[in-house]
*Asks:* 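Mind having a look at this structure? Questions to follow.
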Amino acid sequence: MSERVFHACSAATMLVDEQDYGLIDDAAIAAKDGRIEWVGAAGNLPELYQGWSKTDLGGALVTPALIDCHTHLVFGGDRSHEFSLRLVGASYEEIARAGGGINSTVEATRAASDEELLASALTRVDDLISDGVAVIEVKSGYGLTIEHELRMLRVARAIEQHRPVRICTSWLAAHALPPEYADAPDAYIDEVAIPGLEKAQGEGLVDAVDGFCEGIGFTPEQIRRVFEKARELGIPVKLHAEQLSDLKGAMLASEFDALSADHLEYLAEEDVPTLAEKGVVAVMLPGAFYALRESKLPPIDALRANTVPMAVATDSNPGSSPMSSLRLAMNMACTLFRLTPEEALAGTTRNAAAALGIGSEYGSIEAGKRCDLAVWNATHPNYLSYWIAGDLLRGPISAGKFNEH
Ligand code: NIG
Ligand code: FE
């Protein structure tokens, strides 16, 4: 049994409905067996906790551990050559249609061994951990055969055996059409995406089902068929929607009570109230916006006005968002999308937890939730979005244990 009080810190609790980060200037946090028992002003610490061992955090800032709720960080190879092509004018869509893009990563992923996939994923996981991240969503989508998609999710799950992070997996077989199904997208959905999902579910590999609803991905009708199978199996859905065009993917996702709709640059303002009504989290991916030099902004004002919860994630992948810093994504969300630093932090804590369906356990510093926190060399939570790069993390508190760097 482990009982401990963390004190001499300021705590951004990120409680819902609180202003100003729910910030407590001189805070104490009591944790037992990896759970938070009490949080509040140090002067109000109940007697019950006063005899517990103490950890002095030396005036540091404490936040909930960060959550990256949208990544593709298991993949083979890289696409640095496409970066060069895009710099001289080729577009993401042109490269994809010419057989590059996602399919070039599919080739490299199929060719890599499990060990190679895991080793390269761990380098990106380590980058995220050094940014205070304790929960990472990882998608399949670069295997595109049943066996290679399952393999990607097995590798994703294996990350938990090697690093102190929780992994949430998403089945993204409906990501791109592999060469062996060129011109046969419906057959691909029937023969790979749907039966593979049943198999993955049978192996306990799937926490959510995702799709890429786009001209270079799949139509809403094709995604609908995958979502119907997800509903039958009782698995929540999410969707890459309105990234490059408006195919009404977010409306489809809402119809299926999706956890989240992601990207949303081309989301029509008139569709925003439906997201709000259905409690769908809008996941902002400014790294992809930046890397693709997109100019159309997601309808942030309408999302805000309708109080749609907004999350922020890296979209870490070798093509559209080659990055592995969640704090950089927060900075980009502020600079490019005009989120406030408080919205950006809510987007990588409370709202990111909601986007993964784990809000009862993660995302705020609150009695009953897991004591997974981040201790920062920063005086104010604004700083986490403001400062670009650098190593701000003093250490994670994982399951109630402080691992100072
Ligand atoms: O979220 N949009 C589709 N999927 C990824 C890109 C994957 C890739 O280019 O490899 C995204 O941007
Ligand atoms: Fe993505």
Side-chain angles (χ1 to χ4, degrees), residues 68-83 85-86 90-110 112 117 120-121 124 136-144 149 152 156 168-178 208-218 222-223 237-247 249-250 253 258-267 281-294 296 298 311-324 326 329 332 352 355-356:
D68 194 350
C69 69
H70 180 140
T71 87
H72 308 247
L73 61 69
V74 172
F75 60 83
D78 71 80
R79 307 231 292 274
S80 51
H81 58 288
E82 289 181 11
F83 176 60
L85 291 176
R86 285 207 310 277
S91 77
Y92 182 65
E93 280 151 299
E94 280 160 9
I95 291 170
R97 290 191 194 283
I102 293 172
N103 265 316
S104 77
T105 299
V106 170
E107 210 180 307
T109 303
R110 288 177 180 177
L117 287 179
S120 89
R124 294 176 279 278
I136 305 170
E137 186 260 13
V138 180
K139 303 172 193 301
S140 70
Y142 293 126
L144 309 187
E149 288 288 293
M152 282 190 71
C168 297
T169 54
S170 298
W171 176 257
L172 177 59
H175 191 201
L177 206 54
V209 172
D210 197 350
F212 185 26
C213 187
E214 193 58 67
I216 54 169
F218 293 88
Q222 288 155 351
I223 299 289
V237 304
K238 57 178 72 176
L239 191 62
H240 285 73
E242 277 76 272
Q243 181 186 8
L244 308 168
S245 63
D246 182 12
L247 296 186
L259 290 170
S260 68
D262 303 38
H263 286 288
L264 302 177
E265 279 85 344
Y266 287 80
L267 177 68
V281 178
V283 179
M284 302 290 114
L285 302 168
F289 176 95
Y290 167 83
L292 300 182
R293 302 187 79 220
E294 179 58 65
K296 175 119 175 48
V312 174
T314 60
D315 197 11
S316 183
N317 77 68
S320 65
S321 193
M323 69 188 289
S324 46
L326 189 53
M332 288 175 167
L356 296 177

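One-based numbering, in listed order, for ligands and for the atoms of each. Just so it is clear, the values below take in all heavy atoms, side chains as well, and ignore hydrogens, waters and symmetry mates.
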*Asks:* As a quick check of understanding, evaluate side chain to side chain contact (heavy atoms under 4.5 Å, CB included) for V74 and R124, giving each step before the final call.
*Replies:* CA-CA 9 Å; V74 172; R124 294 176 279 278; over 6 Å; no

*Asks:* For the Fe ion (ligand 2), report each protein N, O or S atom nearer than 2.8 Å, sorted by chain and then by residue number.
*Replies:* H70 NE2, H72 NE2, H240 NE2, D315 OD1

*Asks:* Report yes or no: do H70 and H240 form a side-chain donor-acceptor pair below 3.5 Å?
*Replies:* yes

*Asks:* Return yes if some donor-acceptor pair links the side-chain N/O of E242 with the main-chain N/O of A250 below 3.5 Å, else return no.
*Replies:*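 Yes; judged by distance alone, with no hydrogens or angles, the pair exists.
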
*Asks:* Kindly determine whether L285 and S321 satisfy side chain to side chain contact (heavy atoms under 4.5 Å, CB included), including the steps that lead there.
*Replies:* CA-CA 9 Å; L285 302 168; S321 193; over 6 Å; no

*Asks:* Distance check, rounded to the nearest 0.5 Å: M152 atom CE versus W171 atom CH2?
*Replies:* 10.0 Å

*Asks:* Between E214 and Y266, do the side chains contain an N or O donor and an N or O acceptor separated by less than 3.5 Å?
*Replies:*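 Per modelled atom types, E214 and Y266 side chains form no pair under 3.5 Å.
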
*Asks:* Taking G101's backbone N and O only, do any of them form a donor-acceptor pair with R79's side chain (distance below 3.5 Å, no angle check)?
*Replies:*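 The answer is yes, because a donor-acceptor pair under 3.5 Å joins these two groups.
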
*Asks:* For H263 and A241, which heavy atoms make the closest approach, and how far apart are they?
*Replies:* CB-O, 3.8 Å

*Asks:* Please output the residues near ligand 1 using a strict heavy-atom distance under 4.0 Å, listed in chain and residue-number order.
*Replies:*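 Only H70, H72, R79, Y92, I102, Y142, H175, F212, H240, Q243, H263, D315, N317, G319, S320 have heavy atoms that fall under 4.0 Å of ligand 1, ordered by chain and number.
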
*Asks:* Is there a donor-acceptor contact under 3.5 Å from the side chain of N317 to the main chain of H72?
*Replies:* no

